[in-house]
Structure formats: structure tokens, C-alpha cells
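We name chains A, B, ... by the order of the sequence lines, and we start the count at 1 in each one. Every heavy atom of this structure was used, including side-chain atoms; hydrogens, water molecules and symmetry mates were not.
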Amino acid sequence: MFGARLSRAPIRLARVVLAGAILSAPMSGLAAEKVLTIGAAIFPDSLSTSVSSFAALSLNLQTTDTLVRRNNDASLSEGLAVKWEPQNDTTWRFQLREGVKFHDGVEFTSADVKDTLDFILDPESVYGSKRRITQIDRVEIVDKYTVDIITKKPFPTLIRALSDIPMEPKHYHEKVGRDGMAKEPMGTGPFKFAKWVPGDRLELEAYEDYWGGAPEVDRVVIRQIPEGATRVASLLAGETQIIEEVPVDLIPKIEQTDGVEIAAVESTVGLALTMDTRKPPFDNPKVREALDYAIDKPLILEQMLKGKGTLLKGQLLTSNTFGHNPNLQPRPYDPEKAKQILAEAGFPNGFETSITTRSGKYLSDVDISNAVSGMLAKVGVKASVNVVEGGVFSKMVKARDMGPIHMVGWYSLGDGDFATVWFTEPSGRAYWKSDEYEKLFVEARSTVDEQKRLTAYHRMMEILNEENPSVFMFGLPSIYAKSSNLEGWGPPSDKLLRLHTANMK
Amino acid sequence: MFNFIARRILFIPISLLIVTFVAFVVLRITGDPVEIYLGIESTPEQVAVLREQLHLDQPLPIQFLIFITDVVQGDFGTSLQYDSPAMPLVLQRLGPTLQLVAAGLCIAFFGGVLLGIACAVWKDRVSDFAISSFAIAGQSMPSFWLGILLIQIFALDLKILPTSGTGTWQHLILPSVTLSMFIMPNFVLLTRTSFIETVTEQYVVTARAKGLSEGLILFKHVLPNAINPVLSFLGLQMGRLIGGSIITETIFAWPGVGRLMIGSIFQRDVPIVIAAVFVVCLAIIISNLIVDIFLSVIDPRIRLK
């Protein structure tokens, strides 16, 4: 309808627009400085140590230190304290490292320890890790480098709990307050705070006077990249050198690409399928045992977790945890035996049930549930998978009704106490009850004698193995990926980045 | 016109009140923030103390009254997860979202209108068919898929753009293009239809009879008349774009308010969610108002009453 002249008008216009949109050359990197960039999966929206989630702590611990340092394999070593000993059942004495300086040059002393812990223990204060140390009665300064922590009862997990609590400077706390500390964090850590863009990045500079020696890199940038595929792309593009939480389906892609590699380690999270033992059919221990035989765990591990992570050895605790019983073995996959036990228990034709799970809470949680459902179908148990959102899940927890089977992961952070508590009555999370287990749990918690504790946990693992309140599935992996020329860094079992010795060749 | 604007501004608080109320009720009845925040390790005493602090022990209407009284005084409450005031947390994330939405809207509008004109001009020819098909294909592409495809092509294969994040203007290109594809097809098809209708009008025939050049007819006579429905549509798209930006922000690690909102919804962090909903709603209302005013300026037939 328009003439040829008019038809050219849009073309001319398009040309102008295109000319403006032509891309300039790609950005040039900074060659002189060694910058380590990390793609993190989750970020807190505040740098306050009060948040205390693993994601928050992973950032906090770049600029701060703890009295007791936890390592990548969940073992403990010296941090700002060089020695700790029980004086009696309820008093621990800590010898502090001397000559440690905060980033502003002020020396770290016992006054800072007392101020930090007193703040957390104050009933008025909100602090995520508070519940981990509420058994502390008071903190007493002995001298400049010696502190006593007095607990209400024997408190064997105090040392491990302290490995999650960053020590903060008293003088800075008094000067700028908690809000100021969250805006511009300062501590004794290997890196100094430089810049914080919420939801985007934390920038850090090397602290040359760090007591453990200056870091190898000049600057660290921790970026939040929430989407897994984008995190992987950023590593492949060379924008990041370490990425967290590699999506399981992208593991082969990284394994096939030169210059990048998977760095995975067993976490301390034990994934379990817990059954409601109050109601039939799971009130019958035979039925629970049959389910354990019916699930081909090695196959699921291979398919859904790409072989990362480990098979739980017929017990709740992962092998890197204090209390793990090395004498136990997982039940083999034996569907015929499962069918036979079910028949003996009065269910020759199986039954209908359901598995409650969240989506994305644990690695491949929904996929694993679906695989389990398929395997149970082979022995006649028809299990539907009920995927619920986190808020709904917590409502079900409160109502103490999670459905016949639910998937849950219990972390131990290296000590049996934190995970075994969930099979005791007072935790409100157990349906199953064993008097012997309860007694042993209290015993292990009320002594600082390591050998006694270990014996108790070993027996508790045996009880769980005999009675099967849950089908114990996997020690979930922490799956990271890194650039191959990055050295001095390994994947942490507790998802806390330890970057002090990281270096790029 | 003054009356019109005054009345619209008067309605803003009412709209905001309704939106806030709905968001508040939905969040409260679907989950308990205290249970989620304190986690399963909490003691009943801790739960009770925190519930009282947050007035969760009161009936829902009372809770809302307490909340809205604070909001009127500019206090949206303190985020439970972060122990800091909600509004500043939201505002510092609003800038990146507005930047992304503005860029996406510009690309969608100008790109969509240009392609739409091209379709109309070459109606029923190959290019019309190609562009229309492209528009329909674009509309049916999910943004997370498109976003990852663009990252693959431009960041990994061609290596000319960064994969994600912020910093330079190059960082803005992929997310804003992804976001714009969300609504650009609508602009293309709407412009095409509107142009094809307008060129049959009497005044276009008259203009051509006067011997005006075709380019002049197109831009002086057809465009101002045909663009009206497109502009009204633009005003309605703000909400959709902000909704769509949540996915785009997640794919491209863009530090916007959408991601903050999603995280807070899962935590039932009511102060942050309400502050974010409030601000986003305000932005949508204001942008609609601006579009209405703008429409009356370019088309005097529209009287704002």
C-alpha cells in the first residue's frame, strides 16, 4: 500500500538504532592485582554477625576469626585461642593468642571475648547462634590473655559451638554500635572489609598484618549468583575462580571442560527418610526394615548425585563426625528380601503411603524422592511424593504431622550431639522413641570425657540401625567447582569459605 | 487536568492500603515467621517471646491495625532475618530494579514499535511474516530459558558480554534484552494492527492527495494517531515487567528488589515483603499516571477528567 520510497524509511531508522547499539570491546581485566572472585549461591542481606546462617557466616569469617577454628574436614584447630582445657566439669579456660591486632591496629584481648559473648547471651539480643551457647552461665576475664567460660551444666559441645562465633572488637562495638558493625565489619580476619553491595557483592582487601600471615591474593570479591547455570557460566567464562553449589546436572559439563574442575566433599548432613512410627504400617519395625532393603541407595547416589557424597553406613552420622560408628554397614539392596519381610509383617500386597519433601532444600531432594517412590513400587508399596514449600513444611513440623514418610537432612557440624538430638523425645521431631537412646543421649551431653561420649554415640548408632526409625540415605556432598589454576583452597564440609591460603598460579 | 491528577493522587493511599492488606493476610495465614526464623531447634519460650514482640499473639485484624499504624508513621518494621529496618533494605535494592525495568521497557517499546511499523509497511510480505512469527516465538519463550541461551551465546561462545552481575553498561545488556522479550512481541503486534487501521483513515488519503512525501505522512500523520493504544498498553506493562524482572534478576544475578522479595516471602519476613510490595505498587501507580498525562499531551482529543 505504501510506495517503495516509504518502505526504506524504517530501514534508515533501524540503521541509526543499530549503530548506537554496536558493542564496544570487552572489558579489560586488572592485570597487576591478584583478584580472586567467587560465585556464591546465597547471600544474607546484612553483614551483621547476628544473622548466623552459614551463608552469612561464610562472609563474616573473611573479616573475623573465631576462638576455635573449624577446618574444611570439620576438625577443630587453634584460632584466636591457642589452648583450651576444662578446669572442672563446668569451667573451661582459654589461653588467647598474643599480639593479634584488629584491622585498626588495636590489640585483641580477653575483654573482646567477654564483650562478644556477653552481647550474644543478653536475653534482649537477637543472635542466630545464640541457642548454640545458651548453656554458658558467664564469662570471666582472668588476665589480658586468659578467659574462663563457666557453664551451667557440663557442656561438651562448647568448643565446637565456639567455632561458629566470630570474635568482635569491644572498642568498635562501643564506638559504632551493632548497626555500624554490620555496615562496616571489622575484626582480626585475613581480609579487610572494602565494599558491600547487598544482593550483589562483598569486596575485601588482604590484611597484610594477619596473625596467620598475609593472604596470597590482593583482593577477594564474593559475588552472589543465585542461578546455578549462571554460576557455572561465570566460571567457564573466567569471571569467577570458585563457585558454590554446582547443579548436579551440570557436573558432567564441568568435568568435560579444560581449565575447570569439580571440588566436592562430604558435608556433615545426613539425609534420611523418617517414618511416622506412631501409626501403622510404620509402627511395625519389620516394615521399616523392609523399606531399607527395598531402596537401591548406591544407584540413587550414582544417578541423582552423580556419585558425589557418600552412602550413610546404616546410621545417621556421616563418617567425618565425632560419634560415627565404623562397625556398622548399610543394608544391601534386596527387593526379594523386602517383599518377604513385608509378607511376614502382614503386607503381602504392600500398602499405599506418601513421602513429604521440600524442593531445593537438599541437593536433588525431589528427584531422590521420586526415585525412592519408584523403587518402593517394585515391592508393592505405592508411595506418592508430596512436595511442599518451606513455610508449609514448618507448619507440618509444628503440628507434628509430616505424613507417613518425610525427607529431612540433619547436620552435625562434626559432633554427634547436634544431629542425634532429633531422635529424642524433647526435640519434638521424633515419632520413634527408645528409652535407652534417650538415656545415652543425655549421658553423652553431660560429660566432657571424650571416650565416654564416643561409646554412647556408638551404641546410639547401633540402636538406630536395629530399629530403623528412618531409612538412612546419604551423607550429602558440598559440590564446588574451581578454576584449575587455583591452589591452596579446598571445598569445605560446612560451606564456609576459607580463602586465606588461596592463590592463583 | 489538574482535577484528574488530584483525584488520581487521592486514590493512591486507598490502592496501597488494599494491596498491603492482601499481602499481609496472605503472608500471615500461610506460615509463621517465628517458626521459620527460629527454626526447629527453638524452645517454646523463645517462640513465645518472639511472638509477643511481633504481636503474633494478637488476632489477625489487630495485628494488621498495629502494623498499618506504624506504616502510616513511615515505619515498616524491622526485618526478622536481618535485624534491621525493612524500608532501607528495600530502597537500596530498588535502584537496580528500576534501571533494569527502564532499560527493558525502552528496548521493548522502541524495538517493538519499529518492528511493528515495519510489519505494517510491508504488510503480507515476507518481512511481515518473519517479524510476526518472531514476535510469537518470542512471546512463547520462557525468560529463564532465553536468558541462559543469551549467556551461552554472548558470554561463553562470542565472549563479548559478561555472564551476570553489575558494574558496567555491558552488564545491563543481556538482562534488559531478556526482560524486554517478555513484552516486546505485544508491542510489535499492537503497533502493526494499529498502523494498518490508521493508514486507511481519510486524513491519510488527504495527505497523500496533497502530495506529501510518504515518510512525512508516516511520521507526522500516522504515527501520532496510531501510537495511542500502544502507549496505553505501555502503562499497563509496568506491573508485568516488575513481576518478570524477578526471574531475570535471578538468572543474571542482578541485585534488584525482586530477588529480595522472593527470599523474604519464603522466610515470611512480613516487613520486607510489605515494604517491597508497597514501593513496587507505588511505582506502578505513578508510571500509569505519567503515561496518562503523556497521552493527553500528544493527543488533545483525550481530556483527562
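Counting heavy-atom pairs under 4.5 Å between each of B:Ser164, B:Ser127, B:Gly263 and chain A puts B:Ser164 at the top. In terms of heavy-atom pairs under 4.5 angstrom with chain A, the leader among B:Gly165, B:Ser79, B:Gly147 is B:Gly165. Of all the listed residues (A:Pro44, A:Gly390, A:Pro123), the one sharing the greatest number of non-hydrogen pairs under 4.5 Å with chain B is A:Pro44. The choice from A:Pro426, A:Ser50, A:Pro198 that makes the most heavy-atom pairs within less than 4.5 Å of chain B is A:Pro198.
Rounding to the nearest 0.5 Å gives a distance of 7.5 Å between CZ of A:Arg223 and OG1 of B:Thr166. Interatomic distance, A:Glu227 CD to B:Thr163 OG1, rounded to the nearest 0.5 Å: 11.5 Å.
Looking at B:Ile151 and A:Thr230, their side chains come closer than 4.5 Å, going by heavy atoms from C-beta outward.
More than 12 heavy atoms of other residues, nucleotides or ligands sit less than 6.0 Å from atom CG of B:Leu56. The local environment of OH in B:Tyr203 is crowded, with over 12 non-hydrogen atoms from other residues, nucleotides or ligands closer than 6.0 Å.
Identified by a heavy-atom distance below 4.5 Å to chain B, the contributing residues of residues 236-244 of chain A are A:Leu236, A:Ala237, A:Glu239, in residue-number order. For residues 251-261 of chain B, the interface with chain A (any heavy-atom pair closer than 4.5 Å) comprises B:Ile251, B:Ala253, B:Pro255, B:Arg259, B:Leu260, sorted by residue number.
Of the two parts of A:Arg178, neither the backbone nor the side chain holds a non-hydrogen atom closer than 4.5 Å to a non-hydrogen atom of chain B.
Residues meeting the side chain to side chain contact (heavy atoms under 4.5 Å, CB included) test with A:Val387, sequence neighbours left out: A:Thr357, A:Ser359, A:Val366, A:Val385.
Judged as a salt bridge (charged side-chain N to carboxylate O under 4.0 Å, His left out), the pairs with a partner in residues 86-99 of chain B (not counting sequence neighbours) are, in order, A:Asp45-B:Arg93.
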